[in-house]
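Chain naming here is simple, since letters A, B, ... match the order of the sequence lines and numbering starts at 1 in each. Because the structure is a prediction, the values reported are computed rather than measured.
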Amino acid sequence: MSSAEKYATAAYLVVLAVVLLYVVLYAFKLARLEREVAELAELAQRRRAA
Amino acid sequence: MRYFGDVAALARKDLLLELRSRDTLPAMLLFVLSTLVVFHFALPAETSETAETGLLWVALLFTALLGLVRAFVAEREQRVLDGLVLAPCDRSAIWLGKGIGVVAFLVLAEVVALPAYALFFGPVGWELVVAVALADIGLAAVGTLLAAMAAASRARELLLPLLFLPLVIPVVVGGVGASVSAHPGRYLAFLGLYDAVFAILSWASFEYVVTE
Amino acid sequence: MSTSLRNNQAVLLAGSAAILLLAGTALAFYWVPNAPLEGFRQRIFYYHVPIALTSYACFGWAAWKALRLLWTREQRYDLESYTAVHMGVIFGILTLVTGSIWARTSWGHWWVWGSRQLVLFLVLFLFYAAYFMLRYSVDPGPRRANLSAVYALFGVALIPVSFLAIRLAADLVHPVVFSHDVGNKLTASQFTTFLVCLAGMLTLAGTLYRNELTGKRVDARLRELREALE
Amino acid sequence: MTVIRARGLGRDFGAKRVLRGLDFDVARGGFLVVTGPNGAGKSTLLSLCAGLLAPTSGELRVDAERAEIGYLAHEPLVYRELTPLENLDLYGRLYRIPERRERIGMLLERFGLWEARHERAESFSRGMTQRLALCRALLHEPRLLLLDEPYAGLDEAGTELLDDELQTLARERTLVVATHEPERVGRLATSTLALA
């Protein structure tokens, strides 16, 4: 592959990498949200029980 | 014509405050002089005229910044800004009054800085003087609004330079261009355009910076 | 809008983004012939310029939402304007990265002050980075919304003014200007590939924008729920 | 005729909830006393009524122009480097007060600041600063008065003077007074709002 091709593919891969990084960061956020919802559900249970 | 009455009252108050406390103007004068001297030592012997002019503009930019960091200090200390905002006058009068004060301080600093530049470095052409005058308007218009923004935030002295510098890059381009280019007309016209665009935008949006 | 309708829309948007991007990349790599003078490296162009245009679109969208906020004082526009600026900065960084790769292949070094668009994105990056500094140093509330909105409006005014300034600066500092203006010399196949990639990037931005907005809204809702339960 | 109408009024500062779900009305000529411990949100409520803060929840309608509102906060809202004359002259111009000088002279006289009219406000004691702030708030004869801890820092004479002043104001103006000692203004109050 000529150097131009290497650079061209590098550009495309960088874009792909950033989008994937964004998706991964989003996965962490979803996990945090899920934990928070579980906490709140449990809080609601306790309130209804009391 | 009440609007300009309010602006006059506010601008006069700023000049009166400065006469009383005498802290912003002397600081700006000394700052611009010492910066020019520092630049003298910072520049290698045979620097081009463009470099020297560029450094003059950097000095003017940071002198303006020094004045702007102080712009709303008096209003913040005793929460006087709330008193001015509550008054029945148009809020943009506060911006215009303060802006006129800033321009006045800048001009006084330049009355010292330009002759000093002519002495230390190179000749000061009429294009440079016109460019500096036009730039003062742009710097004061945008700077006063950003100073009000910074006044409403926590890290004021840190935040204002971050907000100010990207926005005034075009002023530096216009200023340096007008000073060194063969045909300065284009650059002076560009500075005029910058002043018009950002003065109107600052005038129209100032209300939203000081109210909720 | 009922949530089910919103979900379908989100899926439709995400799906079309994926399809368009895949199509565009495939076209760029396999279909469009080598450009006569620039050869293979011209391929970067099919991502670099659409990403730049998408970044402009995001900043424009953020300014539009900011204007709506100042006009109607409805606080939900603050979140939308903020998310749009966030998208604009992400695509702005991508523009800088792909642009410097382009500069490396075309002119031999990673940063070239002659490339006007690259320099403009550097200025915009500095400007919008300060947007986040402004938001972090003011407590959440109507005041922060107003300040952010006014700043976002200044941003969209700065784009054309800076573009003009950089063009003027180019004559001053180094008269040789490296520009790859897109317009005229594109063949039909190149132009279609460019359009597909542009559509792909815009829908990708739309998808990420909606996801992030939904995430932020869920955050806000959870806070309210937590307050109600405590 | 109600001058102030609040329904479900609330205000948050970031995550901190200061006011939540307030419902109250203040009729024209009414005298509302707002009580509550420190940090209960008395000052926030007055800032909301003055229009300096926007509600983050609920609804607040204040039927008074900016020129008709007199606002006294914890801070005096005057320039420390300027003298009472200069401060009140500035506000007098902004509020477009006819016979500005006479009005300022009369107020300074009434609040015992005439002798200090040429001294800078930064040299004033806490009580004198409070009197100057009262002059500033009453300068334009506002229809609606929002007073946050008006008695703070006043000496014996000052307190008496403010009592008389509130006596006359309560007759034909609408007032909202936030205070720690409600008994001081108790007999003038038409309604009370206790913030938790």
* **Contact origin within D:Leu90 toward chain B - heavy atom pairs under 4.5 Å** => side chain

* Asked: Between D:Ser43 and D:His74, do the side chains contain an N or O donor and an N or O acceptor separated by less than 3.5 Å?
  -> yes

* Asked: Given that the side chain runs from C-beta out, which part of D:Arg120 has a heavy atom under 4.5 Å from chain B: side chain, backbone, both or neither?
  -> side chain

* So what's closer than 4.5 Å to chain B heavy atoms on D:Glu68: side chain, backbone, both or neither? -> neither

* Within 6.0 Å of CZ in D:Arg61, more than 12 heavy atoms from elsewhere -> yes

* Taking atom CD of D:Glu119 as the centre, does the number of heavy atoms from other residues, nucleotides or ligands within less than 6.0 Å exceed 12? -> yes

* Can you tell which part of D:Ala73 gets under 4.5 Å to a heavy atom of chain B, answering side chain, backbone, both or neither? => side chain

* Contact part of B:Arg12 toward chain D, heavy-atom cut-off under 4.5 Å: side chain, backbone, both or neither? -> side chain

* Flag the pair B:Glu207 and B:Arg91 as a salt bridge only when some basic side-chain nitrogen lies within less than 4.0 angstrom of an acidic carboxylate oxygen. => yes

* To do: Against chain D, label B:Leu81 side chain, backbone, both or neither, depending on which of its atoms sit under 4.5 Å from a heavy atom there.
  => neither

* Asked: So, D:Asp23 and D:Arg5, do they make that salt bridge, N to O below 4.0 Å?
  -> no

